[in-house]
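First the proteins, then the strands, lettered A, B, ... as listed; each starts at 1. In this text the structure is predicted, and so the values were computed from the model without any measurement.
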Amino acid sequence: MLIQSISRLLSPSFQSQPLKISALRISTTLSAADTLYDHLQEYTTNLEKDLTSLKVKLDSSCINEVIKRCNPNQSQLGLRFFIWAGTQSGHRHSPYMYTKACDFLKIRANPDLIKDVFEAYLKEECLVSVKTMRIVLSLCSQAKLADEALWVLRKFPVFDLCVDTVAYNLVIRLFADKGDLYMAEKLMKEMDCNDLCPDVITYTSMINGFCNAGKIDEAWKLAKGMSKHGCVLNTVTYSRILEGVCKSGDMETVLELLAEMEKEDCGGFISPNAVTYTLVIQGFCEKKRIREALMVLDRMGERGCLPNRVTASVLIQGVLQNDEDVEDLSKLIDKLVKLGGVSLSDCFSSATVSLIRMKRWEEAEKMFRLMLVRGIRPDGLACTLVFRELCLLERYLDCFLLYDEIEKADVKSTIDSNIHSVILLGLCEHGHSWEAAKLAKSMLDKKMRLNVSHIGNIIEALKKTGDEDLMRRLSTV
DNA sequence: ATAGGGTTAG
C-alpha cells in the first residue's frame, strides 16, 4: 500500500497502470465478500439458508473481509455469519480465523453476543447442528470464556443434540486453566451420567489445573484413579505432574519421578521425552543448580533423547546467568551440537537473545558478530532483537553493514519488514543515501512492504543518489 | 493434550 504512495510521490506518469492492476486484484477477491455482506444487510428471515443458497465460494480472506465490515456495530450479524461459514462443507476455519473473529467481533469484551445469537436461532427456528456447537465452543475457547462455554454446553439438549467428550473436554480445560477446579471436577463427574467417559485428555487438563494451583496431592490422586476409566498414564500426563513438582521446588522428588519414568517395566508409556528432560533442566537452572542441570543433559544423551532448541536455550541462559567463564559456554555448545537436535545457529542465537534479555548488550553484540565471523547464520529472533537495539541506539550505519554481511551469507531473509523500514528511514535521515538506496533495492528484490510513515524523507534521500534505475523500480512496484 | 522466543501470511 505504501509502495503506492511512493510511486505517487515519485512520478505521476508511472502510477496509472500499477494502480489499475492492484485495484483489479482487490475487486475480484472482494466480490464474494460483497455478495455475502450485502445479503447480511437485507435479510429478514432464514439468514443461514439464504446465505447457503448464494453458493459463494468461501475462503479465509473473504470471511475475514465480511467480519471486518461488521466490526463496530454489527457484531451479532458478523458472529452469525462466521458460525454459518464454519458449518459449510468444504470450508474449515483455521485457528488464525478464530483469533481474527474474536478480535473483530470483540467477543471477549462482549460475551453476551453468544447468548444473543442462540436466542435468534431459537426465535427463527434455525437448524443448529453439532458442528454449530463445535464452532461456538472453539470461539469460547479462543476467547477463554469458561462460563459462556458452559452455557453453550447446557444448550445442547435444547436443540436435541447429544454432548460429546470433545465438548466436555473443552469446557473442563477452560475451567481448569482458570483455576476453578471445583467446577472442572464437577463437570468431569457429570460425564458419567451422560454415558460419557473421561479420557486421557480430560485427566491431563485436570491434573494440569491442580498442579498450577500447587495441589500436587490432588493431581496424584487423579492420576492414580485413571485406570478406573480405562485410561493409562502416559508421558504427557506424567510430565505435567513432574512440572508441578518442579514449580514446588522439590528437585529431589523430581529426580525420583524422572527415575521412575526411565524404568523399563512401565512398557515405555511414560518414558521421558525432550520436554520432560527440559522441564527438569529448567527446574535446576531456576534454582541456580547448573551443574545438576548439565548432568541431566548428559543423562538425556545417554538415553538417546535429543535436546531441542528449548533445551539449548534454557541451558545456555542458565550458564550465562551463573558463570563468568566463557569456556563453560563453549563447552556446553559443543556438547549440544555433538548430541544432535540443535545447530550452532540455534545455540549462538539463543546466547545472543539471552544476553539481550539480561541487558548485557555489549556481550550480545560481540556474540552476534562472532557468529557472523564464523559463518553461522543468526535466526530470526536474534536478528530482530539485535537490529531493534541498534536502531534504538541510532547506529543505522552499523545496521546496514551487519545487514549486508547477513545478506551475503544467504538469500533467505530472517529480518522482518518493519525493521527493514526503520533502518531505511534511519539511513535516510542520517544522510546515508547510498546505503539507503542499496537497502531499498534489497527490499524491492524481496517484494517487501514498506510500512513507514516518513515516506517523504525516504524519497528525498533516495532522489539524491540519482539512481534512475531505483526510481523506476520504485514507481512500477 | 507438550514447553518457548519476534514477525509475517492465511
### Message
What contact category does A:Ser205 fall into here, base, sugar-phosphate, or nothing, at under 4.0 angstrom with non-hydrogen atoms?
### Response
nothing
## Note on the structure
Against the side chain of A:Thr237, the closest entry in B:dA1, B:dA3, B:dG5 is B:dA1
### Query
Between B:dT7, B:dG5, B:dA1, which nucleotide has the shortest distance from any of its atoms to the side chain of A:Asp379?
B:dG5
Please report the shortest heavy-atom distance between [X] and [Y], naming the atom on each side.
X	Y	answer
A:His420	A:Leu439	O-CD2, 3.8 Å
A:Leu145	A:Leu174	O-CD1, 3.9 Å
A:Leu306	A:Gly340	CD2-O, 4.0 Å
A:Tyr277	A:Pro272	OH-CG, 3.5 Å
A:Leu297	A:Leu339	CD1-CD1, 3.9 Å

### Message
Please determine whether any donor N or O and acceptor N or O are separated by less than 3.5 Å between the side chain of A:Asn273 and the base of B:dT2.
### Response
yes
### Task
Return the set of residues passing salt bridge (Lys or Arg N to Asp or Glu O under 4.0 Å) with A:Arg80 (not counting sequence neighbours), or none when no residue passes.
A:Glu48, A:Glu124
For atom [atom1] of [X] and atom [atom2] of [N], their distance in whole Å:
X	N	atom1	atom2	value
A:Tyr168	B:dA1	OH	P	19 Å
A:Gln317	B:dA3	CD	C1'	14 Å
A:Leu174	B:dA1	CG	P	12 Å
A:Ile415	B:dT8	CD1	C1'	14 Å
A:Ile201	B:dA1	CD1	C1'	6 Å
A:Lys446	B:dT7	NZ	P	19 Å
A:Asp177	B:dA1	CG	C1'	11 Å
A:Asn208	B:dA3	CG	P	9 Å

### Query
In terms of the nearest nucleotide of DNA chain B, which residue is placed more toward the 5' end: A:Ser94 or A:Ala274?
A:Ala274
### Message
Does B:dA1 have OP1 or OP2 under 4.0 Å away from a side-chain N or O of A:Arg240?
### Response
no
Neighbours of DNA chain B within [range], by heavy-atom distance under 4.0 Å:
range	answer
residues 279-311 of chain A	A:Asn308, A:Arg309, A:Val310
residues 380-388 of chain A	A:Gly380, A:Leu381, A:Thr384, A:Arg388
residues 221-236 of chain A	A:Asn234, A:Thr235, A:Val236

### Message
Please enumerate all residues that pass side chain to side chain contact (heavy atoms under 4.5 Å, CB included) together with A:Lys263, with sequence neighbours excluded.
### Response
A:Glu260, A:Asp265
### Query
Can you name the residues that form a side chain to side chain contact (heavy atoms under 4.5 Å, CB included) with A:Ala167, not counting sequence neighbours?
A:Leu137, A:Leu153, A:Phe156, A:Val163, A:Asp164
#### Entry: A:Glu190 side chain to A:Tyr168 side chain, donor-acceptor N/O pair below 3.5 angstrom
yes
### Task
Could you walk me through whether A:Arg134 and A:Thr87 pass side chain to side chain contact (heavy atoms under 4.5 Å, CB included), step by step?
CA-CA 9 Å; A:Arg134 211 170 289 160; A:Thr87 60; over 6 Å; no
### Message
Just verifying a value: how many Å separate A:Leu355 CG and A:Gln317 CD, rounded to the nearest 0.5 Å?
### Response
9.5 Å
